[in-house]
Amino acid sequence: MKRKITIIGAGNVGSTIAYTLAQMDAAAEIVLIDINENKLAGEALDIQQSTAFASACDVIAGDYKDASGSDVVVITSGLARKPGQSRLDLTRTNVEIIKNIAPKITAAAPDAIYVIVSNPVDILTYVFAKISGIPENRVLGSGTMLDTARLRSKFARDLNLSDSHIHAYVFGEHGDSALIPWSVARISAVPLGEYIKKATGKDVDYASIEEELRTSALKIIEGKGATYYAVAAATCHIIKALFAGSDAAMVVSTVLHGEYGIEDVALSMHTLIGPEGVKGRFCSAITDEEREKLHKSANTLKAIIKELDI
């Protein structure tokens, strides 16, 4: 069954998500909303015309009222960090944007599942869950899906493997305090370090991989000004799971309630999602050191939340 999807924000990320969904035949109708009406109209028309070579999909340059009946709403609106701008100042600005959007979109689409993509995604997911009135099981952030995609892409390339065989994840904040729980990383059923040792004769340089992941976005931004293809693919992967007939485990950002001993903050861990949204979270058997890093990531986010007017 085809669905209706609304995307708020027709910038690079939002328009790429809309284009990808249109080519995937994921929806019968895609509504784009943006305050820049000229760009909005141009993006919608361009994407609509691309469907001539795909399945039929109506792509509409709309307003909040046009979101009525949406199955999923994706929020990508927000400003990018400016040179010299502190992380806290950027967060405050984007929190105000979310606070402005929330009552308008939830009035139009009260029954939708909401996927937050705007950054800082964990903070904004938390804020939206707290202020929107939408049940928490229908609010999730893209979280570390992008980080996880980057990690798997690296191993797939280095080992000449399909990434479907690579079961490695990034937990915590989508940001500097993220962690890779190497203790649960597998290639097929084999511990990742053991597989790589047998395949290459070398030990895994975990620190080097973590540093490469932290700097990969900067390399993309230096080259082309912004990142949007991979995050769009990650978001569409989430939406595909929400529309599937069976549940899927993904590292999306949700508000935690005691998992790993963490309360009242949104971050990424193994989460079961499906047609009703978030079905639950499950705590993989990570090491004490990894648990400590996850708590540090949570506390980093909580420190920022304390400084906000929510």
Side-chain angles (χ1 to χ4, degrees), residues 1-9 12-28 30 47 50 54-55 57 70-76 112-119 121-122 124-125 137-157 161-172 174 178 180 185-186 213 216-217 220 226-254 266-282 284:
M1 179 175 64
K2 291 187 177 181
R3 309 297 183 98
K4 179 175 180 178
I5 301 170
T6 292
I7 300 168
I8 304 177
N12 287 332
V13 173
S15 58
T16 305
I17 291 171
Y19 171 76
T20 306
L21 289 170
Q23 302 306 306
M24 285 171 54
D25 190 25
I30 297 172
I47 296 167
S50 77
S55 296
C57 175
S70 294
D71 296 284
V72 170
V73 173
V74 181
I75 300 179
T76 71
I113 297 173
Y114 284 80
V115 180
I116 313 301
V117 181
S118 310
N119 277 319
V121 65
D122 303 292
L124 299 185
T125 300
N137 70 296
R138 290 197 276 115
V139 178
L140 58 113
S142 55
T144 57
M145 287 291 289
L146 173 58
D147 311 78
T148 296
R150 288 170 174 159
L151 179 64
R152 292 183 179 181
S153 174
K154 173 182 172 51
F155 285 124
R157 182 182 67 248
L161 280 173
S162 166
D163 60 8
S164 64
H165 298 301
I166 300 166
H167 307 289
Y169 312 89
V170 179
F171 279 16
H174 173 56
I180 302 170
R186 299 285 186 273
L213 285 180
S216 65
I220 295 169
T227 66
Y228 40 91
Y229 293 134
V231 69
T235 304
C236 292
H237 191 58
I238 293 169
I239 294 170
K240 183 179 178 181
L242 294 174
F243 287 167
S246 56
D247 300 331
M250 295 188 178
V251 280
V252 293
S253 184
T254 62
L267 51 73
S268 292
M269 59 175 286
H270 284 134
T271 305
L272 199 64
I273 65 173
E276 295 83 29
V278 178
K279 302 289 288 293
R281 289 163 289 272
F282 49 97
S284 303

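In what follows, residues are counted from 1 in the order of the sequence shown.
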Interatomic distance, I116 atom CD1 to T254 atom OG1 [nearest 0.5 angstrom]: 12.5 Å

Side chains of Y169 and R152: does their closest heavy-atom pair fall under 4.5 Å? yes

Other residues, nucleotides and ligands only: do more than 12 of their heavy atoms fall within 6.0 Å of CZ on F282? yes

Residue pair V115 / L242, side-chain heavy-atom distance below 4.5 Å: yes

Please confirm whether the backbone N or O of S268 pairs with a side-chain atom of T144, one donor and one acceptor, at under 3.5 Å? no

Residues which pass side-chain hydrogen bond (donor to acceptor under 3.5 Å, both in side chains) with S284, listed by chain and number, not counting sequence neighbours: H270

Heavy-atom check, side chain of N119 versus side chain of H174, under 4.5 Å: yes

Point-to-point distance, once rounded to the nearest 0.5 Å, from CG of L272 to CE of M250: 10.0 Å

What distance do L146 atom CG and T227 atom OG1 have between them, rounded to the nearest 0.5 Å? 6.5 Å

Would you compute the distance between atom CD1 of I17 and atom CD1 of I239 and round it to the nearest 0.5 angstrom? 6.5 Å

Of all heavy-atom pairs between F243 and I5, which one has the smallest distance, and what is that distance? CE1-CD1, 3.8 Å

Test of understanding: with side-chain hydrogen bond (donor to acceptor under 3.5 Å, both in side chains), list the residues that count as partners of T125, not counting sequence neighbours. none

May I ask you to decide if A112's main-chain N or O and R138's side chain share a donor-acceptor pair within less than 3.5 Å? yes

Trace of the side-chain contact (heavy atoms from CB on, under 4.5 Å) decision for F171 with V251: CA-CA 7 Å; F171 279 16; V251 280; 3.8 Å; yes

Check for a donor-acceptor pair, side chain of R3 on one end and backbone N or O of S70 on the other, with a separation under 3.5 Å. no

Using a 3.5 Å distance criterion without hydrogens, assess whether the side chain of N137 forms a donor-acceptor pair with backbone atoms of V278. no

side-chain hydrogen bond (donor to acceptor under 3.5 Å, both in side chains) involving S253 - partner list, sequence neighbours excluded: D122

Can you name the side-chain hydrogen bond (donor to acceptor under 3.5 Å, both in side chains) partners of S246, sequence neighbours left out? none

Given the options V252, V121, V231, T235, M145 meets side chain to side chain contact (heavy atoms under 4.5 Å, CB included) only with V252

Could you tell me whether a side-chain N or O of T76 sits under 3.5 Å from a main-chain N or O of I8, the two making a donor and an acceptor? yes

Just how far is it from atom CZ of R150 to atom CZ of F155, taken to the nearest 0.5 Å? 15.5 Å

When you measure from the side chain of T20 to the backbone of T16, do you find a donor-acceptor pair of N or O atoms at a distance under 3.5 Å? yes

Which residues pass the salt bridge (charged side-chain N to carboxylate O under 4.0 Å, His left out) test with K279, not counting sequence neighbours? D247, E276

Dump the intermediate steps for side-chain contact (heavy atoms from CB on, under 4.5 Å) on I30 and I7, then the final yes or no. CA-CA 7 Å; I30 297 172; I7 300 168; 4.1 Å; yes

Gap between atom CG of L151 and atom CD1 of I180 - 0.5 Å precision: 5.0 Å

Heavy-atom closest pair, residues A241 and I273: CB-CD1, 4.0 Å

Tightest non-hydrogen contact, residues N12 and A226, listed as ND2-CB, 4.0 Å

Contacts of R281 that satisfy salt bridge (charged side-chain N to carboxylate O under 4.0 Å, His left out) - sequence neighbours left out: E259

State, yes or no, whether a side-chain contact exists between I238 and S142 at a heavy-atom distance under 4.5 Å. yes

Taking I47's backbone N and O only, do any of them form a donor-acceptor pair with S50's side chain (distance below 3.5 Å, no angle check)? yes

